[in-house]
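Both counts, for ligands and for their atoms, begin at 1 and track the order of listing. The model shown is predicted, which means the values in this text are computed figures rather than measured ones. These values consider heavy atoms only, across backbone and side chains, with no hydrogens, waters or symmetry-generated copies. The first residue of the sequence shown is numbered 1, and numbering continues consecutively from there.
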Amino acid sequence: MTTRPLNILLTGGTGYIGSHTAVVLQEAGHCVFIYDNFCNSDPAVSHTLQKITGQPFKTIQGDIRDTALLQQTLETHHIDAVIHFAGLKAVGESGTIPVDYYANNVQGTISLLQAMQAASNQPKTLVFSSSATVYGDPQYLPIDESHPTKATNPYGRTKLHIEEILGDLARADNTWRIACLRYFNPVGAHASGLIGENPNGIPNNLMPFVAQVAVGKLKQLNVFGDDYDTPDGTGVRDYIHVMDLAEGHLAALNYLGRSVGADSATNIHTFNLGTGRGYSVLEMVKAFESASARSVPFHIAPRRAGDIASCYASTALAAEQLGWTAKRDLQAMCDSSWYFQQNVSTSTGR
Ligand code: NAD
Ligand code: UDP
């Protein structure tokens, strides 16, 4: 447990995972500051966060590659810790514009680290949004944190490069406290239905696509392959409720707070954040149909390039070290996602 409220900066804090984490941190008594360039989010989210928590959120509009503005932000608000969500995340797009992905994600992280080092208050606690994509095609299941890494696309490689940079930094300076959180498949929304995942254009990910089919915005789901070596032939993933994921960040911050004073070998830590349970595409469709009482028409399409058959986490390390496990079930994931989708459709006509 952290002993005092912290001033925490969330880069990318108006995005999908950052906004849910902002609520959890604020409700835990911390003071949250958001830094975002809104390239994939709506500035209005910070007002929505205020509505949910009843507390004001200070939001700074800026790019993580603007080192001077970041340094000024860290100093002005006496930031103690940073959770670094900001990044581009579309796997397919990363193959088309890889240089933009390296510039935004890798260069942006270097800029953040430079700002943290230069800031007079020297905040040296960092939680980084990594991804299960760094494991590539699993050699065994469930995937634990010692599974070999091998990213298969530029997006995944940006995450691996960043993890390596953070490892070098931790080895060079043992006053840093760093956690790399490898997320599995975040889905669902806050119970208020006011924040959730609302991608621009046609969704790449399964859950928002299914939700938009259920609400009638999209005609049918393409199920990418039914000939995988899985119980029903469709891909299996470890879907985790975004509120559980958000609570994982609080647990990681508390853990880093407890680890102050530990020796240099233990100042960087890597944790899977997943449920440990896999569901197939068809199981997800069925669960969503039941939550929404709508049908989700689908047809079987060819496999999507780069997809793997199955992926789910070993959750033992996070349970043991962070004292954190995911609590919300598939029903809660689908119910909250459907509630949010209905709100979005009503308020935007989309
Ligand atoms: P998101 O796109 O909703 O949020 C990212 C936020 O970062 C957005 O608000 C965007 O405007 C901001 N941003 C991007 N580049 C920026 C820059 N240069 N300067 C300032 N702000 C910038 O994505 P998300 O789903 O909330 O993901 C958050 C993090 O988690 C990302 O780093 C992502 O790679 C990682 N992650 C996401 C998933 C997932 O499935 N959602 C899975 C694994 C890892
Ligand atoms: N998927 C699908 N149709 C879609 C989107 C995804 O069948 O329109 C499948 C995909 O092949 C994978 C699973 O759903 O088996 C999860 O895909 P998603 O893109 O959400 O996450 P990923 O695990 O690929 O990052």
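Considering only non-hydrogen protein atoms, atom 8 (C) of ligand 1 sits nearest to D36 OD2, 3.6 Å. The nearest heavy-atom contact from the protein to atom 4 (O) of ligand 1 is G15 CA, 3.4 Å.
By the 4.0 Å heavy-atom criterion, G108 is excluded from the residues contacting ligand 1. The shell of residues lying under 4.0 angstrom from ligand 1, judged by heavy atoms, includes S130. Put simply, no part of G13 is less than 4.0 Å from ligand 1, judged by heavy atoms. Within the structure, ligand 1 lacks T11 among the residues with a heavy atom less than 4.0 angstrom away. Within the structure, the closest approach of R182 to ligand 1 does not fall below 4.0 Å when heavy atoms are considered.
Of the polar atoms of Y155, at least one N or O is found under 3.5 Å from an N or O of ligand 1, judged by distance alone. Considering both main-chain and side-chain atoms, A86 never comes within under 3.5 Å of ligand 1 through any nitrogen or oxygen pair. At under 3.5 Å, not a single nitrogen or oxygen of F184, backbone or side chain, sits near a nitrogen or oxygen of ligand 1. An N or O contact shorter than 3.5 Å is missing between S131 and ligand 1 by distance. For the pair Y183 and ligand 1, the shortest N or O to N or O distance does not fall below 3.5 Å. Residue K89 has at least one N or O atom closer than 3.5 Å to an N or O atom of ligand 1. In terms of N/O distances under 3.5 Å, ligand 1 is approached by I64.
When the options L245, T133, N272, L273 are evaluated for a side chain to side chain contact (heavy atoms under 4.5 Å, CB included) with F184, the one that passes is N272.
If you check the side chains of R65 and N104, you find a donor sitting under 3.5 Å from an acceptor.
At a heavy-atom cutoff of 4.0 Å, ligand 1 is contacted by both the backbone and the side chain of D63. Neither the backbone nor the side chain of E197 has a heavy atom within less than 4.0 Å of ligand 1.
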Any protein N or O within less than 3.5 Å of an N or O in ligand 2? List each pair with its distance, or say none.
residue	atom	partner	partner atom	Å
ligand 2	3 (N)	N222	O	2.7
ligand 2	7 (O)	N222	O	3.4
ligand 2	7 (O)	F224	N	2.9
ligand 2	11 (O)	D307	OD2	2.6
ligand 2	17 (O)	R304	NH2	3.4
ligand 2	19 (O)	N205	ND2	3.2
ligand 2	19 (O)	R304	NH1	3.4
ligand 2	19 (O)	R304	NH2	2.8
ligand 2	20 (O)	N205	ND2	3.3
ligand 2	20 (O)	L206	N	2.9
ligand 2	21 (O)	N185	ND2	3.1
ligand 2	23 (O)	N185	ND2	3.0
ligand 2	23 (O)	R237	NE	2.7
ligand 2	24 (O)	R304	NH2	3.0

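Within the structure, ring-ring contact (aromatic ring centres under 6.0 Å, His included) pairs that include any residue of residues 123-142 comprise H84-F128, Y135-H147, Y140-H147 (at least two apart or interchain).
Here the shortest heavy-atom distance to atom 21 (N) of ligand 1, taken over D66, L273, N37, belongs to N37.
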